[in-house]
Every structure is written in C-alpha cells, then in structure tokens.
*Asks:* 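This is the structure I have questions about; it appears just below.
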Amino acid sequence: MPFGASSRMDGRRASSYCSTTTIITFVALGLIAVWMITSSTVVPAAISDAQPDTNEKVSVPDPTSFESRSGDMIEESNGGDKDNNVQNESNSFTKKASETSLENVEVESSLKKSQDNKDESEDDSKTGSFSDINGEETGETNPEVGDLDQDTKTGDKVDPKEDENANEEKKLNQDEISDDDKTQGEKHGTIEEKLDPEGGNIAQDSDGSKEGGDQFKATSSNEVFPSGVQSELLNETNTQDGTWSTQAAESKNENEMQNVSSSKEENLDSTWKLCQVTAGIDYIPCLDNEAAIKLLHLTGHYEHRERHCPDEPPTCLVPLPNGYRPPIRWPLSREKIWYNNVPHTKLAEVKGHQNWVKVSGEYTEFPGGGTQFIHGALHYIDFIQESLPDIAWGKRSRVVLDVGCGVASFGGYLFERDVLAMSFAPKDEHEAQVQFALERGIPAISAVMGTKRLPFPSKVYDVIHCARCRVPWHREGGMLLLELNRLLRPGGYFVWSATPIYRTDPENVEIWQAMTAITKSMCWAMVSKTNDTLNQVGLAIYKKPSDNKCYEQRKEDNPPLCQSSDDPDAAWNITLQACMHRLPADLTSRGNQWPVQWPLRLEKVPYWLNNSQLGVYGKPAPEDFLSDYEHWKRVVSKSYVSGMGINWSTVRNVMDMRSVYGGFAAALREMKIWVMNVVSIDSPDTLPIIYERGLFGMYHDWCESFSTYPRSYDLLHADHLFSKTKKRCQLLPILVEVDRIVRPEGKLIVRDHVDIISEVENTLKSLHWEIRLAYSKDNEGLLCAQKTMWRPN
C-alpha cells in the first residue's frame with residue numbers, strides 16, 4: 001500500500017486478528033484522508049512565519065520538534081516521486097519520522113546512481129538552484145516554493161552561475177569605462193560606454209588618436225553637455241522669428257521626409273558609389289551640373305559660373321586624388337602644399353611668372369605674390385595702409401571681402417595683420433584657384449559676380465578689395481559695383497588695384513573715366529590714388545558715404561535709389577538690380593555707427609540690439625547674445641578643446657554649419673584657425689551680428705550643396721542643424737555633402753536630438769567614419785566622428 005512504510009509496527013502481534021485488522025484499516029483510511037487533503041492544500045501566507053530559513057540546508061526534522069498543530073507541514077523541492085513530496089506530521093506517526101527520513105535518503109541515493117531519470121530533484125536548498133528537465137541548473141524554482149519565498153522574503157537564493165555571470169558582466173562593464181589615459185593601441189572600432197555622474201551615457205571610440213594629443217579625455221557631464229542655463233540654451237531649438245526675419249521667410253516647409261530606416265543604413269556601405277562626373281575629384285554639385293548648364297540660353301553674365309543645383313541632391317561619393325595625404329599644417333601650408341592633394345599645373349604654367357604658384361617636386365609652392373604684388377602680399381598690404389592710414393588693419397578694418405582672389409595670398413597674409421578676409425573667385429579656367437586657397441588654410445568660396453546677389457547681408461564689410469579681379473565694374477550702369485555698395489559698410493573702403501589706374505593706353509583710359517563717373521554718381525569719394533614703385537602698380541581707394549546727404553543732393557538720380565520695399569539684406573537667389581539702398585538715418589539702426597575697434601568688438605553687444613528685441617533663445621537680445629557667448633566659451637574650453645580627443649594643431653579650416661550669434665567661432669578666437677559661420681536661410685537672420693563682432697560667414701540652404709571644393713574643411717560643427725533641416729529635405733544627402741566637404745581625418749561634431757544622433761551615427765559608420773564620442777542625456781545627444789580615407793571600390 002502507498003504508505004506501507006509508515007504502517008510498520010514494532011513487531012508485536014495482537015492476540016485478536018479482528019482487532020489488528022480494524023486498527024490497520026483505521027490507520028490506512030486515516031493516512032489516505034490526510035494524503036488527499038494535503039495533496040490539494042495551498043500554503044497560506046500566514047504559514048510563512050513557520051517556515052525555516054532556506055539559506056540553511058533543509059534536513060529531515062527531529063520528530064520531537066513537531067507540535068500537534070493542524071495544517072503544519074513542510075514542503076521540499078519538487079521531485080519525481082509524489083510520495084516523497086509530503087510528509088504527514090500527525091501525532092500518531094511522529095515516532096516514524098526517522099524511518100521516513102531513512103527511506104527518503106535511500107531513494108535519493110538510488111536516484112544519484114541512475115542516469116536515466118535526470119528529472120529527479122536533489123536536495124539543493126543550500127545553493128538555491130534547481131535542475132531543469134535536462135539536469136542543468138537554472139534559477140527557476142517550484143512555483144509553490146517560489147511563491148512562498150516571495151511571500152516570506154526569506155530563503156531567496158541566487159544561482160551561483162548567475163551570480164558569477166553577473167560579477168563577470170559587472171567587471172566587463174567596469175573594464176569598458178575609459179579613463180583619461182586610453183591609448184590608441186586598442187582594437188579599432190570598439191565603442192565604450194560611460195555613465196556620467198548626472199546619468200548621461202558616453203560612448204567613446206577606444207581607437208584614440210593617430211597623432212599625439214589626439215586622444216579622448218573623459219570629462220564630467222558639465223563639460224561635455226552643460227547643465228543649468230547652458231543646457232537650457234543648448235536645448236532651445238524653436239527659435240524666435242519676431243526680431244529677425246529669415247532668408248526664406250516666404251517659403252513653405254516641405255513635408256517631413258521619410259526617415260532612413262536603420263536596416264537601410266546598416267546596408268548603406270554596400271551601396272555607396274563613386275560619383276561618375278566629369279569634374280571627378282573636384283566635383284561641386286551645384287557648380288558642375290552639366291545638364292543644367294547646357295540648357296542656358298545666355299552666358300554673357302557668367303550664368304554658367306553661377307549655382308545650378310541638381311533637382312535631386314547627389315548621394316554618390318567624391319573620389320580621393322591618387323597619393324592624397326593629410327594636409328601640411330598651418331602656417332607652413334601658406335607657403336606650400338602637397339601636389340597630389342590638388343594635382344593641377346595649369347595655373348602654375350599661366351601665373352608662375354607672377355609668383356602666384358609653382359610646382360616643385362612633391363610640393364606646390366606659393367611664393368606669396370599676385371598679379372599686382374609680385375614681390376609679396378605683405379609689402380602690398382602695408383602699402384595700402386601707408387596710402388591711407390585710416391584703414392588701420394586689425395583695428396578699424398577687421399573684415400575684408402577679396403573679389404577675384406586667385407589663390408588668396410592677399411587674404412592669407414592679412415592674418416599677419418589680424419584681419420579676416422572672405423576671398424572668392426569663380427570655378428573657371430583659372431584651374432582650382434579656390435581649392436589651392438583652401439588647401440593652404442585660407443578662407444575662400446567659389447562664387448561669381450554674375451546675375452545674383454552674393455550670399456552676404458548688406459552693410460557688413462569694412463573693406464572690399466579687388467586686385468586685377470577682371471570684373472567689368474563700369475558696365476551696365478555699374479550694376480556689379482552697386483552690389484559691392486550693398487555689401488560695404490557705410491564709411492567703408494573699396495581698394496581697387498588695376499591697370500586703368502596707372503596705364504595710359506586708350507582702353508585703360510576709357511575704363512578709368514567710366515569708373516570715375518560711376519563712383520561719383522554713387523557718392524563714393526576717392527580718398528587716395530598712389531603708385532607702388534616696387535611692384536610698379538597703382539591703386540585707388542574709395543570711401544562709401546556714411547549718410548544720405550549726397551544722395552539727396554545729386555542732380556541726377558542715376559543710379560537710382562532702390563524702392564523702399566527692396567530688402568537690402570535679402571541675398572539668397574536674388575537678382576541684381578542697378579540701384580542703391582538708402583542708408584540708415586536712425587542712430588540706433590544697424591550701419592549708422594562704425595563698430596568699436598577690434599578685438600573689443602568681438603565681445604561687445606552690438607549697439608543696435610536692445611531689450612525690446614526678442615533674441616533667438618527667448619531672452620532680450622543683448623542678454624541672449626551674452627548668454628550664447630558664455631555658453632560656447634564653456635563648451636569649447638571644457639569639452640571641445642580638452643575633452644573630445646581632437647588634436648587642434650591639425651585643425652585650420654572650420655565651419656559652423658548652423659551659427660546663431662557666432663559664439664562658437666568667438667570662443668575659438670585664440671586658436672590659429674578660422675571659422676566659416678553659416679546661417680541657414682530658414683533661420684533667424686543673425687548674420688549681420690556675426691559680422692558686427694568682427695567675424696564672417698554666409699547664407700546657405702543645406703538642402704543644396706555648399707559652394708566649396710571637396711576636402712575643404714578640417715572640422716564641421718552642427719548644432720541642431722540636422723533636426724531642423726530634416727523638416728524640409730532628406731538627411732542622407734546632407735551627410736553625403738558633409739563627407740564631400742570634410743578632409744580625410746577631419747572631424748564632425750554634432751549636437752542634436754538623440755534620434756538624429758543615432759541616424760547620423762549609423763550613416764557615418766556606413767561611410768566608414770570613426771565614431772570618437774557619442775553622448776546622450778535627456779533626449780539630447782553629442783557626437784564626434786572622424787572621416788577616414790575609405791572610398792568604395
């Protein structure tokens with residue numbers, strides 16, 4: 001019978017068979033009843049206090065320990081034999097407990113010897129682990145025992161293997177946290193994650209730098225991602241348009257483009273193709289659109305040199321020149337560059353005798369000369385100031401526009417006088433002249449004075465310079481000269497060095513007379529006309545008026561004043577008009593006063609900002625300006641300079657892709673770099689503020705290609721640009737444009753929403769960029785990536 005072991009007596013027989021049978025039957029029925037009751041019993045929570053601590057091994061209890069309490073019982077681990085699951089502790093059988101224990105031990109011993117029945121339970125209460133159907137230890141327990149443990153809060157045990165795994169995982173996580181002394185010898189591509197004290201996540205590439213000092217330094221979250229006021233300023237993306245209108249104020253936002261799926265991004269590296277275009281390694285999509293150029297009916301006004309962007313932005317990659325290597329560092333790069341980086345010789349053949357450029361072995365050299373300053377740009381720069389001391393390079397005159405710049409030696413040597421020059425020239429037969437300038441580390445863009453306004457606001461340049469720039473200023477009512485008038489600050493100077501000033505042949509005399517007439521009708525005063533005996537050239541310097549008196553006193557309204565509805569600051573795809581804008585009369589209007597001298601103007605709030613104007617970040621404009629500056633000083637000094645593993649000695653050409661007040665550029669002022677501040681056409685027009693503080697920049701629509709050569713910049717900075725631009729166009733072509741612009745081993749710093757950061761990171765990885773740092777906190781992210789030499793086959 002089932003409980004036969006418990007029915008054994010101590011060997012004495014009764015004298016009466018019936019009495020014995022009666023007792024046995026009674027006992028058997030009682031045991032059956034107890035078994036039926038206990039087998040269906042659920043242990044109540046109240047019983048928890050009576051349970052032994054399962055941290056200790058559960059042993060067969062001493063028979064004397066049981067009291068006659070109804071319902072008291074003990075459960076063991078679930079085994080294969082239900083008969084062993086429950087022990088009856090009724091008083092009538094307490095003296096049999098030891099015998100029951102003995103049988104349990106015997107059964108357990110036999111099970112250990114059997115290999116065919118691995119689902120039998122062992123007494124594992126000491127370790128708390130239980131065997132699964134395959135005999136492997138798991139953390140799962142008998143449901144009833146597990147529920148009991150949860151109720152009693154005692155006896156919770158951890159699988160030693162799980163505990164060991166947890167410890168290993170913890171150790172691994174600790175090992176993955178990078179310290180300040182991480183070196184570059186670790187496995188390439190490993191991303192390390194770090195929790196900052198304020199709960200942010202930092203992912204850092206353990207690859208480190210390829211050069212000394214180009215190594216990540218762990219910083220606190222306050223350094224990498226400012227908190228408090230700085231964080232509030234950083235996270236503000238809904239800019240206010242009440243004070244400053246946008247270049248695209250009348251345009252409608254396009255429907256938000258479909259996000260690039262993560263699966264597509266993961267496979268992008270297998271779909272990248274090289275651009276199959278005539279321009280090859282020098283491809284500028286909006287300037288090399290051959291299909292659009294072929295459709296032009298007229299080219300007499302250099303329409304074929306203007307921007308003609310393709311309907312669909314390209315997503316192909318520009319190849320590298322054969323033998324490309326990292327650029328020579330500034331300032332040596334001003335004198336020579338690697339020939340293979342810009343492998344063109346035509347300009348050296350045509351202009352070599354004028355000391356523009358020469359090829360010498362593996363270098364392309366720049367003696368520092370130009371058509372009008374064969375004996376060097378520095379002598380020419382000083383000659384200009386000697387001709388007109390009021391120019392005061394680096395003090396009164398800080399921001400210069402150099403028209404038809406050639407290889408930009410004039411702008412390159414103005415750095416010696418603490419002057420910043422925006423140089424531009426068309427992409428024309430003067431092969432790669434702007435590319436030479438950028439490779440040398442000199443600011444320049446590809447642009448032409450044709451039928452459209454240049455992408456700059458009005459009244460921002462202190463000086464405009466033209467040295468044999470081949471622009472017909474006197475033609476068509478002086479339309480192109482009137483564009484310079486729009487850009488020149490009231491009281492600013494136009495420096496013109498050209499053959500009509502000092503040659504007496506009929507053609508030059510005719511041009512000089514025409515220029516004299518047009519400048520006089522524009523109220524420009526010629527304040528200097530001198531000859532440079534060393535270079536045997538001459539120059540004339542004109543000054544723009546500071547008020548409207550001359551305009552009002554003219555006998556002829558020619559050129560006419562522009563209509564009052566004509567916004568002089570509108571500059572994106574605006575057709576030129578032969579008219580002049582009236583100058584500001586209000587003393588508090590921009591352009592009425594000359595800025596304070598450099599470098600004080602860098603930090604000073606422009607006089608025309610007042611508390612009634614709402615700034616981009618929602619504060620009164622002057623406070624907004626100062627807060628922005630303080631914010632970027634902190635971010636640059638605490639994070640970018642010392643905490644991102646960037647070797648700044650390798651950085652020269654920098655672009656702030658979404659500049660507001662120019663605070664990022666201002667914070668970098670002490671470094672030997674220059675920053676192209678770009679104000680998006682759909683952002684508040686703060687570009688005049690940037691110029692007012694002695695910096696420069698331009699308008700641009702990031703749904704189109706930028707007017708620069710491939711491999712132009714060492715570092716691009718994008719603060720909430722991508723999330724804003726993605727509302728109008730796809731993100732993928734913008735990142736392809738970033739890849740085109742940045743030099744191999746150049747950097748991209750992105751601050752944006754975490755979903756944008758993730759999308760950017762995935763795309764850059766597919767382009768084989770190295771992720772140097774990824775950080776996120778409160779839905780905001782920071783990413784630093786480095787371009788490699790990789791190109792698709």
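Residue numbers count from 1 along this sequence.
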*Asks:* Holding to salt bridge (Lys or Arg N to Asp or Glu O under 4.0 Å), I want the full list of residues that pass it with E670, two or more places apart in sequence or in another chain.
*Replies:*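 Scan of E670 (salt bridge (Lys or Arg N to Asp or Glu O under 4.0 Å), adjacent residues dropped) gives none.
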*Asks:* Please step through side chain to side chain donor-acceptor pair (under 3.5 Å) for the pair Y629 and E603, ending with a clear verdict.
*Replies:* CA-CA 8 Å; Y629 185 36; E603 301 182 357; 3.1 Å; yes
*Asks:* Using a strict 4.0 Å threshold on nitrogen-to-oxygen distance, state whether R307 and E704 make a salt bridge.
*Replies:*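 Salt bridge present between R307 and E704.
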*Asks:* Got a donor-acceptor contact below 3.5 angstrom from the R468 side chain to the Q372 backbone?
*Replies:*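 Checking the backbone N and O of Q372 against the side chain of R468, no donor-acceptor pair under 3.5 Å is found.
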*Asks:* Report, one line per pair, each donor and acceptor closer than 3.5 Å where one atom sits in a side chain of residues 412-424; sequence neighbours left out.
*Replies:*
residue	atom	partner	partner atom	Å
Y413	OH	E335	OE2	2.8
E416	OE2	R334	NH1	3.1
E416	OE2	R334	NH2	2.8
R417	NE	D382	OD1	3.0
R417	NH2	D382	OD1	3.2
R417	NH2	D382	OD2	3.0
D418	OD1	R398	NH1	3.4
D418	OD2	W598	NE1	3.0

*Asks:* Please name the pair of heavy atoms, one in R658 and one in S683, separated by the smallest distance, quoted to 0.1 Å.
*Replies:*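 For R658 versus S683, the nearest heavy atoms are NE-OG, 4.2 Å.
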*Asks:* Quick one: closest heavy-atom pair of I442 and V407, and the distance?
*Replies:*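 Closest heavy-atom pair between I442 and V407: CD1-O, 4.3 Å.
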*Asks:* Hey, could you give me each pair passing disulfide bond (SG atoms under 2.5 Å apart) that has a residue in residues 566-625? Not counting sequence neighbours.
*Replies:*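 Passing the test, one end in residues 566-625: C562-C579.
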*Asks:* Who passes disulfide bond (SG atoms under 2.5 Å apart) against C784, sequence neighbours left out?
*Replies:*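 Applying disulfide bond (SG atoms under 2.5 Å apart) to C784 gives none.
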*Asks:* So which atom in A447 and which in L454 form the shortest heavy-atom distance, rounded to 0.1 Å?
*Replies:*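 Reported closest heavy-atom pair: CB-CD2, 4.4 Å.
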*Asks:* In terms of side-chain heavy atoms, does D752 have a donor or acceptor partner in H720 at a distance below 3.5 Å?
*Replies:*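 Distance-only check fails for D752 and H720.
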*Asks:* Side chains of R652 and S333: donor-acceptor distance under 3.5 Å anywhere?
*Replies:*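 S333 and R652 do not have a side-chain donor-acceptor pair below 3.5 Å.
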*Asks:* Looking only at heavy atoms, what is the nearest atom pair of I518 and G477, with distance?
*Replies:*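 Shortest heavy-atom contact: CD1-O, 3.6 Å.
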*Asks:* Please check this pair: side chain of Y661 against backbone of V616, looking for a donor-acceptor N/O pair closer than 3.5 Å.
*Replies:*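 Checking the backbone N and O of V616 against the side chain of Y661, a donor-acceptor pair under 3.5 Å is found.
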*Asks:* Only pairs at least two apart or in different chains count here, so list each ring pair (Phe, Tyr, Trp, His ring centres under 6.0 Å) that has a residue in residues 666-690.
*Replies:*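 Applying ring pair (Phe, Tyr, Trp, His ring centres under 6.0 Å) to every pair that reaches into residues 666-690, excluding sequence neighbours, yields W674-Y713.
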*Asks:* Between the side chains of K633 and E630, is the shortest nitrogen-to-carboxylate-oxygen separation below 4.0 Å, so that they form an ion pair?
*Replies:*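 The answer is yes: the pair qualifies as a salt bridge.
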*Asks:* Do S458 and D569 get their side chains close enough for a donor-acceptor pair, meaning under 3.5 Å?
*Replies:*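 Yes - a donor-acceptor pair under 3.5 Å links their side chains.
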*Asks:* The test is ring-ring contact (aromatic ring centres under 6.0 Å, His included); show your working for Y691 and Y461 and say whether it passes.
*Replies:* CA-CA 8 Å; Y691 276 90; Y461 284 103; 5.1 Å; yes
*Asks:* Side chains of Y493 and H465 only: does a donor on one sit below 3.5 Å from an acceptor on the other?
*Replies:*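 Checked: Y493/H465 side chains show no N/O donor-acceptor pair below 3.5 Å.
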*Asks:* Look at the side chain of D624 and the backbone N and O of Y617, then say whether any donor-acceptor pair between them is shorter than 3.5 Å.
*Replies:*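 Judged by distance alone, yes, a pair lies under 3.5 Å.
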*Asks:* For the residue pair W524 and P545, establish whether any side-chain heavy-atom pair is separated by less than 4.5 Å.
*Replies:*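 Answer yes - side chains close enough.
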*Asks:* Keeping the roles fixed (side chain from Q433, backbone from P426), state whether a donor-acceptor pair exists under 3.5 Å.
*Replies:*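 Confirmed, Q433 side chain pairs with P426 backbone.
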*Asks:* Can you list the residues that meet the salt bridge (Lys or Arg N to Asp or Glu O under 4.0 Å) rule with K544, with sequence neighbours excluded?
*Replies:*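 Residues passing salt bridge (Lys or Arg N to Asp or Glu O under 4.0 Å) with K544: none at all.
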*Asks:* Are there over 12 heavy-atom neighbours, none belonging to Y551, within less than 6.0 Å of that residue's OH?
*Replies:*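 Enclosed: over 12 neighbouring heavy atoms sit under 6.0 Å from OH of Y551.
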*Asks:* Just grab all the disulfide bond (SG atoms under 2.5 Å apart) pairs involving residues 588-623, residues at least two apart or on different chains.
*Replies:*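 Residue pairs with at least one partner in residues 588-623: there are none.
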*Asks:* State the CG-CH2 distance between L482 and W473, to the nearest 0.5 angstrom.
*Replies:*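 Reported value, rounded in 0.5 Å steps: 10.5 Å.
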*Asks:* With a 4.5 Å heavy-atom cut-off, do V471 and C466 have their side chains touching?
*Replies:*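 When only atoms from C-beta onward are counted, C466 and V471 do not touch, as no gap falls below 4.5 Å.
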*Asks:* Just wondering, do V760 and L735 contact through their side chains at under 4.5 Å, heavy atoms?
*Replies:*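 Yes, at least one pair of side-chain atoms sits under 4.5 Å.
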*Asks:* Please list, chain by chain and in numerical order, all residues satisfying side chain to side chain donor-acceptor pair (under 3.5 Å) with R601, sequence neighbours excluded.
*Replies:*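 Expected list: D462.
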*Asks:* Are any of the side-chain heavy atoms of Y380 and L539 separated by less than 4.5 Å?
*Replies:*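 Yes; the side chains approach each other to less than 4.5 Å.
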*Asks:* What distance separates I749 CD1 from L773 CG, expressed to the nearest 0.5 Å?
*Replies:*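 Rounded to the nearest 0.5 Å, the CD1-CG separation comes out at 9.0 Å.
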*Asks:* First locate atom CD1 of I541, then atom OG of S528, and finally report the distance between them rounded to the nearest 0.5 Å.
*Replies:*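 These two atoms lie 4.5 Å from each other.
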*Asks:* Mark yes or no for whether R486, through its side chain, and F456, through its backbone, hold a donor-acceptor pair below 3.5 Å.
*Replies:*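 Flag set: sc R486 to bb F456 pair under 3.5 Å.
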*Asks:* Working to the nearest 0.5 Å, report the span between CG of N779 and CD1 of I756.
*Replies:*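 N779 atom CG to I756 atom CD1 measures 10.5 Å (nearest 0.5 Å).
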*Asks:* A side-chain contact here means heavy atoms from C-beta on lying under 4.5 Å apart; do I381 and Q385 qualify?
*Replies:*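 No, side chains not in contact.
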*Asks:* Listed by chain and number, what are the salt bridge (Lys or Arg N to Asp or Glu O under 4.0 Å) partners of D701, not counting sequence neighbours?
*Replies:*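 So D701 forms a salt bridge (Lys or Arg N to Asp or Glu O under 4.0 Å) with R728.
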*Asks:* Taking only Lys NZ, Arg NE, NH1 and NH2, and the carboxylate oxygens of Asp or Glu, determine whether E552 and R582 approach each other closer than 4.0 Å.
*Replies:*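 Yes, this pair counts.
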*Asks:* Just so I know, are the side chains of L488 and N485 near enough to count as touching, which here means a heavy-atom distance under 4.5 Å?
*Replies:*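 Result no, sub-4.5 Å side-chain heavy-atom pair not found.
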*Asks:* Would you say Y607 and N592 are linked by a side-chain donor-acceptor pair, where the criterion is simply a distance under 3.5 Å?
*Replies:*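 Their side chains do not contain a donor-acceptor pair, so the 3.5 Å distance test is not met.
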*Asks:* Measure the CE-CG distance between M580 and L481 for me, rounded to the nearest 0.5 Å.
*Replies:*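 Taking CE in M580 and CG in L481, the distance rounds to 10.5 Å.
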*Asks:* Taking NZ, NE, NH1 and NH2 as the nitrogens, is one of them in R590 or D685 under 4.0 Å from a carboxylate oxygen of the other?
*Replies:*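 Result for this pair is no, no salt bridge flagged.
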*Asks:* Closer than 3.5 angstrom, by distance alone: can the side chain of T725 be matched with the main-chain N or O of L721 as a donor-acceptor pair?
*Replies:*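 Looks like yes, one N/O pair under 3.5 Å.
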*Asks:* Listed by chain and number, what are the salt bridge (Lys or Arg N to Asp or Glu O under 4.0 Å) partners of K452, not counting sequence neighbours?
*Replies:*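 Counting only residues at least two positions away or on another chain, K452 forms no salt bridge (Lys or Arg N to Asp or Glu O under 4.0 Å).
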*Asks:* Measure the shortest side-chain to side-chain distance between V495 and I464 over non-hydrogen atoms and say whether it is less than 4.5 angstrom.
*Replies:*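 No. Closest side-chain heavy atoms not under 4.5 Å.
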*Asks:* Check whether any side-chain heavy atom of C286 lies under 4.5 Å from a side-chain heavy atom of F706, and answer yes or no.
*Replies:*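 No, every pair of side-chain atoms sits at 4.5 Å or beyond.
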*Asks:* Are the side chain of D714 and the backbone of N653 linked by a donor-acceptor contact shorter than 3.5 Å?
*Replies:*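 Judged by distance alone, yes, a pair lies under 3.5 Å.
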*Asks:* Any side-chain to backbone donor/acceptor pair from E483 onto L576? Under 3.5 Å, distance only.
*Replies:*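 Not at all, since once roles are kept as given, no pair shorter than 3.5 Å links the two residues.
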*Asks:* S712: what forms a side chain to side chain donor-acceptor pair (under 3.5 Å) with it, not counting sequence neighbours?
*Replies:*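 With sequence neighbours excluded, S712 shows a side chain to side chain donor-acceptor pair (under 3.5 Å) to T708, given in chain and number order.
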*Asks:* Does the C729 SG fall under 2.5 Å from that of C703?
*Replies:*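 The sulfur gammas are closer than 2.5 Å, so yes.
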*Asks:* When you measure from the side chain of D586 to the backbone of T588, do you find a donor-acceptor pair of N or O atoms at a distance under 3.5 Å?
*Replies:*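 Confirmed, D586 side chain pairs with T588 backbone.
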*Asks:* Is the distance between the ring centroids of H717 and Y640 less than 6.0 Å?
*Replies:*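 So the answer is yes for these two rings.
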*Asks:* Is a side-chain donor or acceptor of Q613 paired with a backbone partner of N610 at a separation under 3.5 angstrom?
*Replies:*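 Yes; judged by distance alone, with no hydrogens or angles, the pair exists.
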*Asks:* Using a 6.0 Å cut-off, check whether atom NZ of K529 has over 12 heavy atoms from anything other than its own residue.
*Replies:*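 Counting neighbours around NZ of K529, more than 12 heavy atoms of other residues, nucleotides or ligands fall under 6.0 Å, so yes.
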*Asks:* Please list all pairs meeting ring pair (Phe, Tyr, Trp, His ring centres under 6.0 Å) that have one or both residues in residues 561-594, counting only residues at least two apart or in different chains.
*Replies:*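 Every ring pair (Phe, Tyr, Trp, His ring centres under 6.0 Å) pair that includes a residue of residues 561-594, provided the two are not neighbours, is W572-H700.
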*Asks:* Can you tell me how far apart NZ (K672) and CZ (R329) are? Round to the nearest 0.5 Å.
*Replies:*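 Separation between the atoms: 15.5 Å.
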